[in-house]
Structure formats: C-alpha cells, structure tokens
Colleague: 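This is the structure I have questions about; it appears just below.
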Number of protein chains: 2
Amino acid sequence: MPSTDTAKTSPDTAKAESRRELNKAATRRAIADAALVLLRSRGAGGFTVEDIAAEAGVSRRTFFNYFTGVDAALASLADRFLDNVLEQFRLRPADEPVLESARVALLELADPMTAAPIAELFSLTNSSQALGRCELEAWEHCTEQIIAAARERLGEGANELALRAMAGSIIACGKAAMGVWFEERGADLSPDSLAVFRQHLVTAVGLLATGFNAPATA
Amino acid sequence: MPSTDTAKTSPDTAKAESRRELNKAATRRAIADAALVLLRSRGAGGFTVEDIAAEAGVSRRTFFNYFTGVDAALASLADRFLDNVLEQFRLRPADEPVLESARVALLELADPMTAAPIAELFSLTNSSQALGRCELEAWEHCTEQIIAAARERLGEGANELALRAMAGSIIACGKAAMGVWFEERGADLSPDSLAVFRQHLVTAVGLLATGFNAPATA
DNA sequence: GCACATATTTACACTAAGTGCATTTTTGCA
DNA sequence: TGCAAAAATGCACTTAGTGTAAATATGTGC
C-alpha cells in the first residue's frame with residue numbers, strides 16, 4: 001500500500017502523519033467498524049471480543065492493544081461522530097460568545113450525515129444497560145474536549161468553574177434533546193424527524209440561555 | 001434478631017419493609033462497605049471481587065448476587081450520599097421554582113457529613129480511569145432521580161425536554177463545582193475548604209440561573 | 001536493493017470476571 | 001416445631017484482560 005506520494009522527508013504538517021500512525025489509525029478504525037457490524041447483526045451482548053477480532057482480521061490480543069474492551073470500541077464510534085460537534089465549535093469566530101458557538105455546534109448533530117450513525121448507535125446500545133455507559137463516556141469525552149477548546153479560545157484567564165459548568169450544561173442539553181427525541185421517534189431519520197430533533201436542540205439550549213425561567217413549568 | 005416490634009400483619013407503610021428486605025439491604029450495605037475498606041487500604045485496582053467477598057464475610061457468588069462488579073459496589077456508595085441531595089430536593093416546598101429547589105439541594109452536598117465520604121470516594125477513584133466511570137454513573141443516577149422527583153412535583157403536564165435539560169444542567173454544575181474544588185483542594189475537608197466548595201456550588205448554579213451571561217469570559 | 005533498528009502483531013499462559021445450575025443453609029411464618 | 005420460600009453457597013464453565021517472548025512488518029540509511 002504505497003500511495004500518499006506527497007512528502008517523503010518533509011514534515012508536511014507540524015503533526016507527524018507518519019505511515020505508522022496512519023496504519024494504526026486504520027487498524028483502530030477497522031476494529032471499531034467490525035464491532036459495529038457485529039452489533040448490528042447480533043445485537044448488544046451477542047458477540048465476544050474474539051468475534052470482533054476475527055471480523056476485523058486481527059488477533060484477540062491486538063484488539064486489546066487498541067481498546068480496553070468492547071465498550072471502548074463502541075464508544076470510539078460515538079466519539080468519531082461527536083467530534084463533528086467539536087470541529088464545528090472550533091470553526092466559530094473567536095469573538096462569539098461561547099454559549100452561542102456551542103449552540104451552533106450542537107445543531108451540527110442534527111445534520112443527517114451526523115445524526116444517522118449516532119442515532120443507530122443509541123438505538124443499538126440502549127437495549128443493554130451495560131452499553132449505555134459507553135454513551136455516557138462519549139458525552140463526557142465530548143464535554144472535556146469542548147472545555148479544552150473553550151479554554152484555548154478564552155486564554156489563560158478563563159474561569160475554570162464557569163467553563164466546566166457551561167460545557168457540562170450544554171452537553172446536558174444535547175443529551176436531553178437526543179433522549180427526548182429518541183423516545184418520541186425511535187431511530188427515525190426522516191427529514192421531519194430530524195427537524196424535530198433540531199427543534200429540541202434549539203429549545204433546550206434556548207432554555208439554558210435564559211436560565212430556565214418561564215417555560216420550565218409550562 | 002427480632003426488634004421492629006411495630007406492626008405484624010399491618011401494611012405499616014405502603015412500601016413493605018419486610019424482614020427479608022431489611023436483611024438484604026444490610027448484606028448489600030456490608031458488601032459495599034467491605035469494598036470501601038479495601039479501596040482505602042489497597043487503593044484502586046489493588047483487590048479482587050474475592051477479596052471483597054471475604055472482607056464482607058460472604059461467598060464470591062453472593063457478591064455477584066448483589067452487584068454486577070466492583071464498579072457497581074463502589075457506585076452504590078456514591079449513590080448513598082448523592083441520595084441526600086435528592087432527599088433535600090423532595091423536602092422543598094412544592095411551589096418553589098425547581099431550579100431554586102435544586103440549588104438548595106445541591107448545597108446539601110457541601111455539608112461536612114455528606115461531603116466527606118464523597119470527597120474520599122472521589123480521591124480514591126480518581127486515580128483509576130476505570131473507576132472514574134462509576135462516578136459518572138452515580139451522577140447520572142442522581143440526575144434521573146431528580147428528573148423523577150421534579151416530574152412528580154410538576155405533574156403530568158411537565159415538559160420532558162425542559163425537565164431533562166434542567167436536571168442535567170444542574171448536575172453538570174454540581175460536577176463542575178466538585179471537580180474544580182477537588183483540583184484546588186484535594187480531599188481537604190476543613191471548614192474553609194468546604195466553604196470554598198459551597199461557594200463554587202453557589203457560583204455555578206448562579207451562572208446557570210443567569211444563562212451564563214457576564215462572568216463567562218471574566 | 002539490502003540490512004538493520006524499531007514498531008507492531010501474534011501466540012501462549014495465566015489470573016480474574018461473570019454466569020448457570022444444583023445444593024445447602026437460613027429465615028419467616030403458621 | 002416444621003415447612004415452604006428465599007437466600008447463600010459450591011462448582012464448573014466461558015470470557016475478559018494482561019504479561020511476556022517470539023515472530024512479523026515497517027521505516028530508514030546506505
């Protein structure tokens with residue numbers, strides 16, 4: 001597998017994308033994808049690490065070189081898509097209020113290309129109590145990354161408490177919107193279902209921005 | 001062990017507190033306490049389920065009759081104390097705004113009797129990445145219970161989305177306050193350290209109530 | 001192209017987690 | 001006291017997860 005003829009000895013970007021790194025990333029991805037295949041075909045808890053390794057074409061031991069367990073492998077899938085939210089956040093202008101940036105970034109979640117895999121993952125993992133925690137971890141991971149990105153934007157003087165509370169609250173709104181939407185529409189990914197999801201996101205973050213005043217009791 | 005001479009055939013309360021239930025609860029508690037003893041003496045990851053069972057004076061198999069694993073046993077300890085928050089919430093007048101009730105309930109966390117065990121648990125579990133997720137679950141559990149309590153208070157017409165977003169945000173503030181406090185003061189439980197913690201809680205929920213407006217960038 | 005150093009994968013063996021099942025012990029109650 | 005139900009236990013088994021050393025693949029200098 002040659003290709004990537006660009007750059008041989010040059011430090012193309014600051015971040016070294018060496019061949020080994022790329023290979024490792026590909027292997028990691030292959031394992032995670034294999035886990036998803038089995039999750040789809042056999043359901044939560046219907047397969048073992050050995051099955052995943054076989055599906056991915058690696059040894060059982062190699063699986064554990066990349067992930068600490070099945071949960072982590074599936075969580076990496078959620079991360080992959082939740083990372084879109086983070087990317088969107090980084091793209092916002094630096095002088096925009098953090099809350100507004102986060103609001104826009106969250107709306108990215110309602111994009112069909114992003115929502116589809118996440119919704120499927122949720123529908124598949126919700127059946128198992130044990131796998132539900134891998135979602136928890138994915139949200140937590142996303143929260144931490146938003147905190148890091150916001151801290152980077154605001155500089156050293158950032159108020160750590162405010163940062164954490166805000167990021168946590170925003171993600172809580174995302175969780176709430178997704179949870180309610182999921183209970184209402186299942187894994188329905190039709191445009192109008194997505195529109196509902198998007199509306200829930202807007203509503204939830206709107207409530208957050210107003211300090212949950214009027215509509216809480218309505 | 002007789003005692004509890006009150007009520008023989010009478011359904012004392014709606015919730016049947018039969019003798020067997022009490023015994024099971026005691027065993028469950030004994031196992032969780034044994035886990036804490038070992039966590040203290042050997043640190044995270046320094047003991048096995050078999051050790052816990054031995055410490056609690058039960059068989060390994062019995063341990064698994066009560067908990068799905070070490071994580072769950074430790075999470076039950078966190079639950080035990082986080083439940084104080086919920087209890088406090090329920091005690092608030094029904095016509096009080098939910099956010100205010102939650103604020104007061106959260107302050108209960110800064111009570112020394114409550115904070116001490118939680119802070120210790122956090123200090124002990126923070127060392128292990130794996131055990132950190134048992135905290136996550138405990139917070140999540142607390143969130144769900146607050147949602148349930150608030151729904152009960154607001155009646156059927158409650159807005160599910162607003163409820164979840166608010167409860168999640170409030171808990172996020174609690175997590176943020178505890179996290180920041182913990183980074184600043186470690187497991188210091190002195191009165192002035194507790195005061196700092198309490199102040200963080202007040203600040204975080206205050207920010208939430210104002211929609212994170214002014215102080216976020218300060 | 002070749003050889004070497006290094007990174008990655010793999011096989012193997014081992015401890016511990018978690019579960020099903022049959023059996024024994026305990027407990028509440030008449 | 002005796003009995004039926006519940007809880008605890010022992011045992012066997014599959015799977016998770018890890019350390020270690022050998023084997024294989026990969027990048028680099030010449």
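Labels below follow one simple rule: chain letters A, B, ... track the order of the sequence lines, proteins then strands, and each chain is numbered from 1.
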Colleague: Report the distance from atom CZ of A:Phe64 to atom C1' of D:dG19, rounded to the nearest whole Å.
Modeller: 14 Å
Colleague: Tell me the interatomic distance from A:Phe63, atom CZ, to D:dT15, atom P, rounded to whole angstroms.
Modeller: 15 Å
Colleague: Nearest-Å distance, CG (A:Leu38) to C1' (D:dT15)?
Modeller: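 Those two atoms, CG and C1', are 15 Å apart.
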Colleague: CG of A:Asp71 versus P of C:dA17: gap in Å, rounded?
Modeller: 17 Å
Colleague: Under a 4.0 Å N-O cut-off, is there an ion pair linking B:Arg164 with A:Glu183?
Modeller: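 Judged by the 4.0 Å cut-off on N to carboxylate O distance, B:Arg164 and A:Glu183 do form a salt bridge.
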Colleague: Is A:Lys175 salt-bridged to A:Glu135, cutoff N-O under 4.0 Å?
Modeller: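 Here A:Lys175 does not pair with A:Glu135 in a salt bridge, since their nearest N and O are not under 4.0 Å apart.
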Colleague: Grab the CG-C1' distance between A:Leu22 and C:dT8 for me, whole Å please.
Modeller: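 From A:Leu22 CG to C:dT8 C1': 15 Å.
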Colleague: Do A:Ser59 and A:Thr62 get their side chains close enough for a donor-acceptor pair, meaning under 3.5 Å?
Modeller: yes
Colleague: Tell me: CG of A:Asp51 to P of D:dA16, nearest whole Å?
Modeller: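 After rounding, the reported distance stands at 8 Å.
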Colleague: Start with the C-alpha distance between A:Val196 and A:His200, add both sets of side-chain angles, then the distance that settles side chain to side chain contact (heavy atoms under 4.5 Å, CB included), and finish with yes or no.
Modeller: CA-CA 6 Å; A:Val196 169; A:His200 283 168; 3.7 Å; yes
Colleague: Could you list the protein-to-nucleotides 6-8 of chain D atom pairs, N/O on both sides, closer than 3.5 Å?
Modeller:
unit_1	atom_1	unit_2	atom_2	d
D:dA8	OP1	B:Tyr66	OH	2.9
D:dA8	OP2	B:Tyr66	OH	2.9

Colleague: Could you state the atom-to-atom distance from CZ of B:Arg61 to P of D:dC13 in whole Å?
Modeller: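 My rounded result for the distance is 16 Å.
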Colleague: Parallel, tilted or perpendicular for B:Phe197 and B:Trp181, by the 30°/60° rule?
Modeller: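 The rings of B:Phe197 and B:Trp181 lie parallel, inter-plane angle below 30°.
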Colleague: So for atom CD, which belongs to A:Glu184, do other residues, nucleotides or ligands contribute more than 12 heavy atoms lying within a distance under 6.0 Å?
Modeller: yes
